[in-house]
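Step one of this worksheet: look at the structure below.
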2 protein chains.
Amino acid sequence: MLERMTTKDPRAAGLARLAGLLADETRAACLLALLDGRAWTAGELARHAGVAPSTLSGHLGKLVAGGLLAEERQGRHRYVRLADARAAQLVEELTARIAPEAHPRPRTLRQAGADSAAARGRTCYDHLAGRLGIAVTDAFTARGLLLRDTGFALTAAGLRWFDALGIGLDRHGRRPLARACLDWTERRPHLAGAAGAALCRHALDVRWCVRIGSGRAVRVTEEGGRALSGLLGIGESALR
Amino acid sequence: MLERMTTKDPRAAGLARLAGLLADETRAACLLALLDGRAWTAGELARHAGVAPSTLSGHLGKLVAGGLLAEERQGRHRYVRLADARAAQLVEELTARIAPEAHPRPRTLRQAGADSAAARGRTCYDHLAGRLGIAVTDAFTARGLLLRDTGFALTAAGLRWFDALGIGLDRHGRRPLARACLDWTERRPHLAGAAGAALCRHALDVRWCVRIGSGRAVRVTEEGGRALSGLLGIGESALR
DNA sequence: CGGACACTTCGGCGACGGCCGAACCGTGCC
DNA sequence: GGCACGGTTCGGCCGTCGCCGAAGTGTCCG
């Protein structure tokens, strides 16, 4: 490697610019909040991050310009959400790498309650996570619907399972059908990708589970418990 | 989301700190260079990045402290390499996200020659990439050794293939056996993970391919061409 | 032992970037 | 129309960080 870098490497510049978008605590807090997959207003994010609205406005401009966020203006509101599943994946992957000590922290009783609800079941961008997500993924594996020890892929039986329930899978998009998403509370992979998203959407559509409050937490309903037990053999204990 | 952030979110802080390690052009250039999977000395990296040794020393300190690099001192040399496969994956994934325009650029004739050699075949940290990597991955898929349309996993036949060649696979480490790595010249996924690494190691061991010069490029040998053709049906045209 | 060499530490410099408050703009609502 | 409100723009402040060169440490070699 003798060649000196007279001109800078554009890949390095691009990498540094992209990483720079995530390299600020305020922007990072926004991205983590937006991992709930929904659209937030600029003001909500400013309050969440604890900075002035004017400051946050600048951050949103950078994140949108960098392609990590998509924005939608409605009247006097500016809604932003993660641009796509790949942006979410990027945030997830970096988050999964940071020191585990940074993760848990119940502060107040109220917070501890919300935390444990979220630990039971929540969404992670567009798929199920928490103990619920793990339980579903484990059940898929145990029933031969999902290959996990040699990679991460749906089996033919897995495809039939979705088909039998009438859950349509977009099989020819650029997005992989099945992908492992590493959860930071459980430290175990769970089902993401197009199939994970379709399953989560279906579960919310037919009310196997419902969102709790305004956060990412979800709760399994009565019917949902019966359905998941019947279809996947998931015990009630894993869901409560 | 009413709770105001009196104390900052430690996850956001951790995320920002990790991203901050990659958010500098000089450090990014080092990490990209280190994607060849080998150990570089501090001086080599300084020349490569075009900064003073003292400057680079500081950067290495940060990258090592942040857990992205591992260092090994030998006499008056400081060798560094990527800390592990996950660190490599992180860099890959961010790189795959940056604008494609940033990627290609043959500068000099000599450089163009090196580029096209690297495009034909190269290593990406510890597995095969470039057209060679793509060809192998496609052949695996076509022969039913690798599932790719429902995720990314070796099939039972794939496991037997490795077994028949006496290539040992570490099946119970934390590392996934098969993983997709998105290549930035071909923009297509190729086989990474423990299986990809084992295959690459074997290919170099038995001289199916050899490294060219000091970079990441590899060339398929005569015997290697015959072996890959016989074992996987890869045509000579894909390898030259 | 002395000199070349690889690397590190330190001090100082300059640029960049995040932060705020104040002023401004447009929307929605009385 | 007038007011409240969400968001943006601007200017100025300040801390952080990358950079270098000079001086220092330890290693290898003649």
Side-chain angles (χ1 to χ4, degrees), chain A residues 1-2 4-6 8-9 12-13 15-31 33-34 39-66 68-81, chain B residues 1-2 4-6 8-9 12-13 15-31 33-34 39-66 68-81:
Chain A
M1 280 292 162
L2 277 179
R4 193 177 286 258
M5 300 258 89
T6 57
K8 303 263 187 150
D9 181 350
L15 181 50
R17 198 167 1 179
L18 174 57
L21 289 176
L22 306 171
D24 172 83
E25 189 166 344
T26 300
R27 285 195 294 268
C30 293
L31 290 167
L34 289 163
W40 292 51
T41 68
E44 283 170 337
L45 285 172
R47 278 187 298 275
H48 175 72
V51 297
S54 61
T55 302
L56 202 108
S57 179
H59 287 310
L60 291 187
K62 290 179 193 184
L63 290 170
V64 170
L68 289 180
L69 298 189
E71 71 181 342
E72 204 170 329
R73 316 202 73 131
Q74 273 180 28
R76 54 185 170 183
H77 292 283
R78 179 193 207 179
Y79 285 95
V80 294
R81 54 189 160 71
Chain B
M1 280 292 162
L2 276 180
R4 193 179 287 258
M5 301 259 90
T6 57
K8 302 262 185 151
D9 181 349
L15 181 49
R17 194 156 1 139
L18 174 57
L21 289 177
L22 306 171
D24 172 82
E25 189 166 346
T26 300
R27 285 195 295 269
C30 292
L31 291 167
L34 289 163
W40 292 50
T41 69
E44 284 170 337
L45 286 171
R47 279 188 299 277
H48 175 72
V51 297
S54 61
T55 301
L56 202 107
S57 179
H59 287 309
L60 290 187
K62 290 179 193 184
L63 289 170
V64 170
L68 289 181
L69 298 190
E71 71 181 342
E72 204 171 328
R73 326 247 343 183
Q74 272 179 29
R76 54 185 169 182
H77 293 281
R78 179 193 207 177
Y79 285 95
V80 293
R81 56 189 160 71

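Order of the sequence lines sets the chain letters (A, B, ...), proteins ahead of strands, with each chain counted from 1.
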Nearest-Å distance for atom pair CG/P, residues A:L60 and D:dT8: 7 Å
query: Whole-Å distance between C:dG17 P and A:L22 CG?
result: 15 Å
statement: Heavy atoms of B:A16 and A:D24 approach each other most closely as CB-C, 3.6 Å
- request: Indicate, yes or no, whether a donor-acceptor pair under 3.5 Å links the base of C:dG21 to the side chain of A:S54.
  value: yes
message: For C:dG18 and A:R27 - does any side-chain N or O of the residue sit under 4.0 Å from the phosphate oxygens OP1/OP2?
response: yes
task: Report the nucleotide, chosen from C:dC19, C:dC7, D:dC19, that has the shortest atom-to-atom distance to any side-chain atom of A:H59.
output: C:dC19
- request: Take A:L63 and A:L31 through the side-chain contact (heavy atoms from CB on, under 4.5 Å) test and state the conclusion after the steps.
  value: CA-CA 9 Å; A:L63 290 170; A:L31 290 167; 4.3 Å; yes
d(CG, A:L63; P, C:dG17) in whole Å: 14 Å
field: Working for side-chain contact (heavy atoms from CB on, under 4.5 Å), residues B:L45 and B:L60
entry: CA-CA 10 Å; B:L45 286 171; B:L60 290 187; 4.1 Å; yes
query: To the nearest Å, how far apart are B:D24 CG and D:dC17 P?
result: 11 Å
message: When you measure from the side-chain N and O atoms of B:K62 to the phosphate of D:dG18, is any distance below 4.0 Å, counting only OP1 and OP2?
response: yes
statement: Per atom distances to the A:V51 side chain, the nearest of D:dC19, C:dC19, D:dG7 is C:dC19
query: Taking CD from B:E44 and C1' from C:dA6, how many angstroms apart are they, rounded to a whole number?
result: 12 Å
- prompt: Is the distance from OP1 or OP2 of D:dT27 to the nearest side-chain N or O of B:R73 less than 4.0 Å?
  reply: no
field: Separation of A:R17 CZ from B:L22 CG (nearest 0.5 Å)
entry: 14.5 Å
- prompt: Tell me: CG of A:L56 to C1' of C:dG21, nearest whole Å?
  reply: 16 Å
- request: Find the distance A:R17:CZ to D:dG18:P and express it as a whole number of Å.
  value: 17 Å
query: Closest heavy-atom contact between A:K62 and A:L21?
result: O-CD2, 3.6 Å
- request: Specify the separation, in whole Å, of atom NE2 of B:H77 and atom P of D:dT27.
  value: 13 Å
query: Think A:R47 has a side-chain N or O under 4.0 angstrom from the OP1 or OP2 of D:dG6?
result: no
task: Please determine if a side-chain N or O atom of B:R78 lies less than 4.0 Å away from the OP1 or OP2 oxygen of C:dT8.
output: yes
query: Should A:T26 be listed as having a side-chain N or O under 4.0 Å from OP1 or OP2 of C:dC19?
result: yes
query: Considering only side-chain heavy atoms of B:R76, which listed nucleotide, C:dT9, C:dA4, C:dA22, is closest?
result: C:dA4
query: When you check the phosphate oxygens OP1 and OP2 of D:dC19, does a side-chain N or O of B:T55 lie under 4.0 Å from one of them?
result: no
message: Let's see if you can work this out: which of D:dC20, C:dT8, D:dT8 has an atom nearest to the side-chain heavy atoms of A:S57?
response: D:dT8
